[in-house]
Amino acid sequence: MLSYRHSYHAGNHADVLKHLVQVTILDYLLQKDKPLCYHDSHAGAGLYSLGSEQAQKTAEYQQGIGRLWQYQAKSAPLSRYLSLINTLNPAGDLAFYPGSPKIAELMLRPQDTIQATELHPSDFPILQNQFARRRRSRIENIDAYAGFKAMLPPLVKRGLVLLDPPYELKTEYHDLVAGLTEAYRRFPQATYAIWYPVIERPAVEAFIAAIVGTGIKNQLRIEYCPYPDKAGFGMSGSGMLVLNPPYTLATDMREALTELAPLLAGTTPATADDARLLWQVSQLVGE
Ligand SMILES: C[S@@+](CC[C@H](N)C(=O)[O-])C[C@H]1O[C@@H](n2cnc3c(N)ncnc32)[C@H](O)[C@@H]1O
């Protein structure tokens, strides 16, 4: 079953959190001259028109990137993320939003490798076309978890692996933990970033406990919920679990979320303390 299309959701509050974390990790890895490999297991279409029928139908981006794309950020990670969005929108209208592989393409150098897997028969060719002329890219129309076996480890032994499934199937949580374990066994030097939705609190905590249960060291939880828990009736927020994070990531994210949370909040927080309740950055497993 592949009914999920990211074009309905591109640029929403969950994308803002995910891509802010992605940009901050890549920026850190780019400080060294040594080449890196970016592997995107659920890549989507790569670039989204916010004027499309799908984006306009849900208008989710209006509660996400629409609230902050012209904001002059003080924190360096938020400023870097917003500068990438502005690069794609030079005419002064918010017309396009980049997906995770496009963000990687905008940031990485010629010596770096981009690998991506995407199963959807309509989104895959759109993604593939964008990388047709890039050397050191490998874009495959195969299952994410088969991709870990076929494409990891890469030649370059440093990088970022992003896991961003749609969680349409109940089995996805279990499949992800098994897939992550396999990927980590093959490529333990990488940083892993796993996106998860906050829909039902107990299910979120069980999923996180399962990832902690893999025994992989150094796990950081970054979560942002602009809405109160809805007990299964829609997404109140989302999170990123980052394994082997850059040592600067927790501090960077606390700084960025302090600034971001009130801007994106579903209801205006009355006080700075209320705004702080919307997010958490917690070390789950030490080094
Ligand atoms: C949330 S979207 C990805 C968004 C993208 N990572 C971004 O941030 O721009 C999830 C994508 O995973 C794809 N997908 C679903 N199951 C998959 C699987 N088993 N293997 C590879 N791709 C899959 C869907 O078609 C969809 O495009």
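Because the structure is predicted, anything quoted here is derived from the model rather than measured. Whatever order the structure lists ligands and atoms in, that order sets their numbers, starting from 1.
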If we number the atoms of ligand 1 from 1 as shown, the ones under 4.0 Å from a heavy atom of Gly99 are 9 (O)
| Between the main-chain N or O of Gly286 and the side-chain N or O of Asn218, is there a donor-acceptor pair closer than 3.5 Å? | no
* To do: Could you tell me whether the side chain of Arg158 and the main chain of Gln189 form a donor-acceptor pair under 3.5 Å?
  => no
Geometry only, no angles: is Pro165 polar-contacting ligand 1 at N/O separations under 3.5 Å? no
Counting from 1 in the order shown, the ligand 1 atoms closer than 4.0 Å to a non-hydrogen atom of Pro166 are 10 (C), 12 (O), 15 (C)
Note: His42, heavy atoms under 4.0 Å from ligand 1, region reported as both
Closest to atom 4 (C) of ligand 1 (heavy atoms only, candidates Leu127, Asp164, Asp123) is Asp164
### Message
Main chain of Asp27, side chain of Arg80: is a donor-acceptor contact present, judged purely on distance under 3.5 Å?
### Response
no
Quiz question: by atom type and distance under 3.5 Å, do the side chains of Tyr38 and Gln22 form a donor-acceptor pair? yes
The protein heavy atom nearest to atom 22 (N) of ligand 1 is Leu119 N, 3.4 Å
A student checking ligand 1 against Gly44 at a 4.0 Å heavy-atom cut-off should list atoms 27 (O)
In ligand 1, the atoms that come under 4.0 Å of a heavy atom of Ala43 are 5 (C), 6 (N)
Note to self: So does Ala178 get a backbone contact from the side chain of Glu182, meaning a donor-acceptor N/O pair under 3.5 Å?
What the structure shows: no
Logged contact type for Ser41 with ligand 1, heavy-atom cut-off 4.0 Å, is backbone
Under 4.0 Å from one or more heavy atoms of Tyr4, ligand 1 contributes atoms 1 (C), 2 (S), 26 (C)
Give a yes-or-no answer on whether the side chains of Asp40 and Ser100 include a donor-acceptor pair shorter than 3.5 Å. yes
At under 4.0 Å between heavy atoms, what of Ala45 touches ligand 1? The answer is neither
Atom 21 (C) of ligand 1 has as its nearest protein heavy atom Ala144 N, 3.4 Å
Q. Does Asp143, backbone or side chain, put an N or O under 3.5 Å from an N or O of ligand 1?
A. yes
* Asked: For Pro165, does its backbone N or O pair with a side-chain atom of Glu172 as donor and acceptor, under 3.5 Å?
  -> no
Report task. Please answer whether the main-chain N or O of Cys225 pairs with a side-chain N or O of Ser238 as donor and acceptor at a distance below 3.5 Å. Result -> no
shortest atom 7 (C) of ligand 1-to-protein heavy-atom contact is with Ser100 OG, 3.1 Å
Tell me whether Glu105 is salt-bridged to Arg133, with the criterion being a basic N under 4.0 Å from an acidic carboxylate O. no
In terms of its nearest heavy atom to atom 11 (C) of ligand 1, the top option of His19, His120, Glu118, Lys18 is Glu118
Original post:
Distance-only, no hydrogens or angles: does the Tyr224 side chain make a donor-acceptor pair with backbone N or O of Ala261 under 3.5 Å?
Top reply: yes
